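To start, the structure under review is shown below, and the notes come after it.
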Amino acid sequence: MQSAERQTVYRWGLVWSGALVAFGGAVLLGVAVSRSNAWAEVSQALGLSVMGWASLLQSLNALALVPAELSLKQPLPLSGTQYLVAGALAWLGGWGLLAAGLRRAPAPTEGPSPAAGAPLYPRLAGYRDFYWSTLGAYGGGILLAEWALIQLQSLLSSGAQSVAQGEASGGSGLQLAPPWAFAVSLLVACSISFVAGAIGAARARRLSLPEATIGVFYLGLPIPIMLTLLDRVPALQLALGYRLREVTYVAGLLGRPELGYWLVFGLLVLMLVLGINSGFVAAGSGRLDLRLGFELFVARRHVAVFRPSLLLGTLAVLMLGIIPPLIIYGIVRAVEAAVERTRIRELGLVDPLAAAASLNRLKLREQSPTMMMTALSVGGVGVGVMALIIVLSVMSGFELDLQKKILGTHAHAVVSKYAGDLPEYPKLMEQIAKVPGVVGQSPFITNQVMIVSEGNVDGVVIKGIDPDTVGSVTDLPGYMLPGGSLEYLKKPELLTPRRGPGGAGSPMLDDRPAGAAPPAGGQPEEAEEEIDPIIGSMTKPAQEQVLPGIIVGRELAAAMRVVVGDKVNIVSPLGTELGPSGPMPKSRAFRVVGVFYSGMYEYDAKFVYIFLDEAQKFFEVKGANGIDLKVADIDDARRIAADVTRQLGGYPYRSRDWSETNRNLFSALRLEKLVMGIILSIIIIVAAGLIVATVIMLVLEKRKEISVLKALGVPDGGIVKIFLAEGLQIGVAGGLLGLLSGLAWCLFIEKVGIKLDPEVYYIPALPVRIEPVQTLLAVVIAVLVTYLASIYPALKASSVEPVEGLKAE
Amino acid sequence: MAFLSIRNVFKSYFLHGKRIDVLRGVSLDLERGELVSLIGPSGAGKSTFLHVLGTLDAPAAGEVLFEGRSVFSMNDAQIAEFRNRTIGFVFQSHYLLPEFTALENVAMPALIQRGDRAKTYAQARELLERVGLGARVDHRPGELSGGEAQRVALARALVLKPAILLADEPTGNLDPATGEGIHQLLRDVNRDLGITAVVVTHNETLAQSMPRRLRLAGGQVTDA
Ligand SMILES: Nc1ncnc2c1ncn2[C@@H]1O[C@H](COP(=O)(O)OP(=O)(O)OP(=O)(O)O)[C@@H](O)[C@H]1O
Ligand SMILES: [Mg+2]
C-alpha cells in the first residue's frame with residue numbers, strides 16, 4: 001500500500017550478489033584466522049594487533065602484511081595471507097556491490113506540489129536513519145559486559161592476591177570458588193548488557209537493528225575471537241595467558257573452553273536483545289510500564305491457552321504419544337455426539353427451538369486454524385522441555401552412579417610424597433587424624449603387575465591394603481561376594497581350600513617352582529586335611545601349602561577363570577633379582593581368597609588387592625606408597641586435602657582429591673551433558689519457529705483489531721505487550737506441561753525402572769536423578785526462547801498504523 | 001486561541017506513480033462545544049480529514065493544534081493518551097472487537113486506562129441502556145445487527161466523555177427512526193456534556209439541523 005511512498009529502490013540482484021560476495025569474504029577471513037599461526041608471527045613482528053578488530057581492521061592488516069611479507073629477509077610460510085587478502089577484498093567489494101543495489105527513488109513528477117513550503121509534519125521532520133549514540137550504547141555495552149566479566153572473574157576467584165601483588169593493598173579480599181565467582185560475574189555482565197540494550201533502544205525510540213549488528217560485530221566479537229585464538233597463537237598466550245588464567249580455568253572446566261566462550265558471548269548478546277526489546281517497549285511512554293492486566297485481558301481472548309481441554313489433551317499426548325489420546329478422543333467424541341443427538345431428538349418433540357439451537361452449537365464446535373497452531377506450539381515447546389528434562393536427568397543419573405562407583409573404589413583423597421615411599425606412615429596417620437573433616441584413612445602400596453593363571457595373562461593394578469582400615473576409606477568390604485573375605489588377606493590359613501575338577505594334581509605341581517619364597521607353615525595344612533571331605537588326607541602334599549591371599553574383581557576372575565581357592569601368579573617386571581641378562585621379572589604365587597564386585601567394569605576387571613605386608617615384601621617398599629583418605633563432605637574434598645597438606649607441613653607431602661585424580665572423566669561427562677542440552681534445545685528452537693508462525697498468523701488475523709485498539713488509545717508498547725503475552729502464554733503453558741510430563745517420566749523411570757541389557761551396560765536399569773536447578777533451567781530456557789520468538793511478531797503488530805488496518809477490509 | 005485548529009494540512013496518496021491530492025492545505029478552527037456537520041461527495045476525503053483530525057493518520061504537512069498544543073509533536077504515549085481521553089471516534093463501519101461482548105467493547109477505552117472494572121462496567125451498561133441496547137450487553141459483535149453494532153460503537157466513543165467526538169457517518173446504515181434517535185443522542189451529549197462533535201453525513205436534513213455546516217470539496221474545507 002505504501003510502496004509508492006518508499007524512498008529506496010532495491011535492485012535485488014545486486015544486493016544479493018553483494019551479500020554473497022561479502023559472505024564469501026568473511027569465510028575466507030575465517031580460513032585465514034584459522035591458519036593464523038604464521039600470520040600471528042608476522043603481525044607480531046610488525047606490532048600489529050592480532051585481535052584484528054573485526055573485519056575492517058583485519059582487511060587493513062592484510063593490506064599491510066603484503067609489503068611486510070615482501071620485505072622480510074627470510075620469507076615465512078604464510079599459509080593464511082592469500083586468504084586474508086582475497087577475503088578482505090571480497091568483503092569490501094561485497095559491501096560496495098550491496099550499496100550499489102540500494103538507490104533513492106526518483107521524486108514523482110506530478111506537477112508542482114501544492115504543499116511546497118508548508119511546514120513538514122513534525123514526526124517526519126524528526127526522523128533519523130542512524131543513531132551514533134545507540135551504536136555506542138549497544139557496542140560499548142557488550143564490550144563493557146565482556147570486560148567486566150573477565151575482570152570480575154579474575155578478581156573474585158583469585159581473591160585479592162593478584163591485586164595485592166600489583167598495588168600492595170594487602171587485604172585478604174573476598175575469594176569465591178571459581179564457579180561461584182563465575183555466576184556472580186556473569187550476572188553482572190548480563191545486567192550490563194541488558195541495561196545497555198535498554199538505554200540504546202530508549203534513546204533511538206526504536207529497535208535500531210543496524211546499530212545493534214554493527215555494535216555486536218565490531219565491538220563485541222573481538223574478545224571471544226581473541227579468547228578462542230589464545231590457545232592457538234603462542235604469542236597471544238605469552239602476552240595474555242597469565243592475566244586471563246582465571247577465565248581460561250573456568251572455561252576449561254567444561255572440557256572445551258571455546259564452547260564456553262561462545263556460549264557466554266551468545267548469552268550476552270541475548271541479554272542485549274532482551275534489553276533492546278524492553279527499552280523499545282518502555283521508550284514510547286518514557287517509563288517502563290510493567291502492568292500487564294489489560295494486555296493479558298486482551299491476549300487471553302485472542303489465544304485461550306489455559307483451557308482444561310487443551311492442557312489435558314497436550315499433556316496426554318506428551319505422556320502417551322499421539323495415537324492413544326487420539327483414539328480416546330475419537331471414542332469420547334463419538335459417544336458424546338450420539339448421546340447429544342438422542343437428547344436433541346427428544347428435545348425436538350417438546351421444544352423445536354431449543355433443539356435447533358443445541359444442534360447448531362454442536363456443529364459450531366469446530367476449531368479455528370489459529371487454535372490448532374496454538375495447540376501445536378504448546379505441544380512443541382512441551383516436547384522440547386520434556387526431552388530436555390528426561391535426558392539431562394538420566395545423564396545426571398549416570399554421572400551420580402559413576403561418582404558413587406568411583407568413590408566406592410577410590411579414596412576421596414590421597415596423601416603421598418612427590419618422590420619416594422612413606423616409611424613414616426603411622427606417624428603421618430596420627431597427624432592426619434587431627435585434621436577436621438577426615439573421617440577415615442588407610443595406607444596402601446600400588447603397582448602395575450601381570451597376573452597369570454592357567455593359560456591366562458592380564459595386566460592389572462595391584463594394591464597392597466590394610467584390611468583393618470580399608471573399610472574406612474572405600475566400600476571394598478561391602479563389595480565382597482560371598483565365599484571370600486578380606487580377613488583371609490591377613491590370615492590366608494583360614495581359607496577352606498576348594499578344588500575344581502582336576503585341580504588337585506599336576507598343574508599346581510607344575511607351577512610350584514615358579515613360586516618364589518613360599519612361606520613356611522605346617523599347621524594350616526593339617527587343618528585343611530580335616531575339613532576336606534572328598535579328597536581327605538590324599539591331598540596333604542606340599543602344593544596345599546598356605547599362599548598369601550589375593551582378592552580379584554568379578555570380571556577379572558571370570559576372564560582368568562579363577563574362583564576362590566585357586567592359585568594365581570603375580571609377575572612384576574620391576575624385579576630386583578639379577579639374572580644372566582640383567583634384572584629378572586619377579587614372580588610370586590598367591591591364592592584367591594575373595595572376589596569383589598563394585599559394579600564398575602574398569603575396577604572389576606583391572607584391580608587386585610593383597611595384604612600390605614606382602615606388598616612391602618614383594619615390591620620392597622618401606623612402609624607405604626601413600627595414604628587413602630575419606631572425608632566427611634565429598635564436595636569439600638579439595639579444601640580438606642589442602643588442609644591435610646598444610647598439617648603435614650607441605651613439601652615433600654602432597655594430597656590430591658578425587659576430582660583431581662578423575663578430572664578427565666568428569667569434565668568429559670559435563671561437556672557431554674552440555675552438548676546434549678544444546679542439541680535438545682534445538683527442539684525448543686523449532687518449537688519457537690512454530691510460535692513465531694503462530695503469533696504472525698495472529699497478528700495478520702488481528703490487524704483490524706490492532707488498528708482499533710490503537711485508535712482507542714493503546715500505545716505501541718501496549719500492543720507489543722499484548723502479543724508478547726500471547727507468545728508467553730504458549731511458552732509458559734508448554735513449559736509447564738513439559739515440566740509435568742518430564743518429571744512424570746523421570747519418576748516412572750525411577751520407580752518402575754527401564755531395564756538395560758546387562759550384556760551392554762554395567763548397570764541393571766536406567767538411572768535418573770532429578771536436579772532441581774537444571775530442570776528449572778530447562779523451563780526457563782523454554783519460556784525465554786518463546787519470549788524471544790514473539791518479539792518480532794509483536795513488534796510487527798505494533799507497527800500497524802491505525803488507518804492501515806481500518807482500510808484493509 | 002481556538003479550541004481545536006487545523007493549520008494548512010496537506011495529504012496526498014501516491015499510487016502507481018500518480019499523486020492523489022486529497023487535502024490541499026485545509027485550515028479550520030473549531031470552538032469548544034460546537035456541533036458541526038461535514039458533507040461532501042464520496043471520495044472527497046471526508047474520512048481522511050477525520051482521521052487526520054483524530055491523529056489516526058499522519059498528514060504530509062501542516063498542524064493540528066488542540067488547545068494550542070501541536071498534537072503531532074507529542075510522543076507515542078502522549079498521542080495514545082490523547083486518543084484515549086480526548087477523542088471519541090465512530091468509524092464508518094462499526095469496528096468493534098469481535099472477541100469481546102458489547103459491554104466489554106463499550107468499556108474498552110476505560111479498561112485501557114486500567115480504570116476500576118466494576119465502575120467501568122456499570123457506566124458502560126448505563127450507556128448501552130441509553131442507546132437502547134440494554135438487552136444486548138452480552139452479545140458479541142457477530143451476534144448484533146449492523147445498526148445495533150453502530151450504536152455500540154457510539155456508546156464506546158462516549159464512555160470516557162471525550163472532549164471531541166468524531167463520527168464518520170454514524171447513521172449510514174440505520175433506519176430513519178433509529179437514525180433520528182442517534183442524532184438526538186448526539187445533540188444531547190453535545191448539549192449536556194459540552195462535547196465538541198464533528199459528524200460526517202450524507203443526510204442533507206441532518207446536516208441542515210446542525211448549528212454549523214462544513215463542506216469538503218477539492219481538497220478544501222469551507223463553511224456551507
Ligand atoms: N491508501 C490509499 N491509497 C490511495 N488512495 C487512497 C487511499 N485511501 C484513500 N484513497 C483515496 O483518497 C480519497 C479520499 O478517500 P476518503 O475515504 O477520505 O473519502 P470519503 O470522502 O470518506 O468518501 P466516502 O464518503 O465514500 O466515505 C479517495 O478518492 C480514495 O480513493
Ligand atoms: Mg468515508
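Please read all numbers here as calculations on a predicted model, not as lab measurements. Below, chains carry the letters A, B, ... as their sequence lines are ordered, and counting in each starts from 1.
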- Task: Output the option from B:I87, B:L56, B:L111 having the highest count of non-hydrogen pairs under 4.5 Å with chain A.
- Result: B:L56
- In this structure, are over 12 heavy atoms from other groups packed under 6.0 Å from A:R301 atom CZ? yes
- Heavy-atom check, side chain of A:L712 versus side chain of B:F89, under 4.5 Å: no
- Message: Given heavy-atom pairs under 4.5 angstrom as the criterion, report whether the side chain, backbone, both or neither of B:F100 touches chain A.
- Response: both
- Query: Does atom CZ of B:R140 have more than 12 heavy-atom neighbours from other groups under 6.0 Å away?
  - Reply: yes
- Do you know the tightest heavy-atom contact between B:I112 and A:G713? CG2-O, 3.6 Å
- Message: Is there a side-chain contact between A:P715 and B:E81 in this structure, where contact means two heavy atoms from C-beta onward sitting under 4.5 Å apart?
- Response: no
- Contact part of B:Q92 toward chain A, heavy-atom cut-off under 4.5 Å: side chain, backbone, both or neither? neither
- Closest heavy-atom pair and its distance - B:R114, A:F294: NH1-N, 3.8 Å
- Query: What residue, out of B:A80, B:A157, B:P109, has the most heavy-atom pairs lying under 4.5 Å from chain A?
  - Reply: B:A80
- Query: Is the NZ or CZ atom of B:R117 both under 6.0 Å from the centre of the six-membered ring of A:F297 and within 45° of that ring's axis?
  - Reply: yes
- Query: Are any non-hydrogen side-chain atoms of A:V708 and B:R156 less than 4.5 angstrom apart?
  - Reply: yes
- Message: Looking at A:Y792, I want to see if its OH is surrounded by more than 12 non-hydrogen atoms of other residues, nucleotides or ligands under 6.0 Å.
- Response: no
- Task: Would you mind telling me which of B:R85, B:M108, B:R7 has the largest number of heavy-atom pairs within less than 4.5 Å of chain A?
- Result: B:M108
- Query: Is the count of non-hydrogen atoms from other residues, nucleotides or ligands lying under 6.0 Å from B:E126 atom CD greater than 12?
  - Reply: no
- Item | Exam field: side chain B:D57 to backbone A:V803, donor-acceptor pair closer than 3.5 Å | no
- Query: With the threshold set at 4.0 Å, does a side-chain nitrogen-carboxylate oxygen contact exist between A:K702 and B:E99?
  - Reply: yes
- Item | Shortest non-hydrogen contact from B:R83 toward A:A711 | CB-O, 3.6 Å
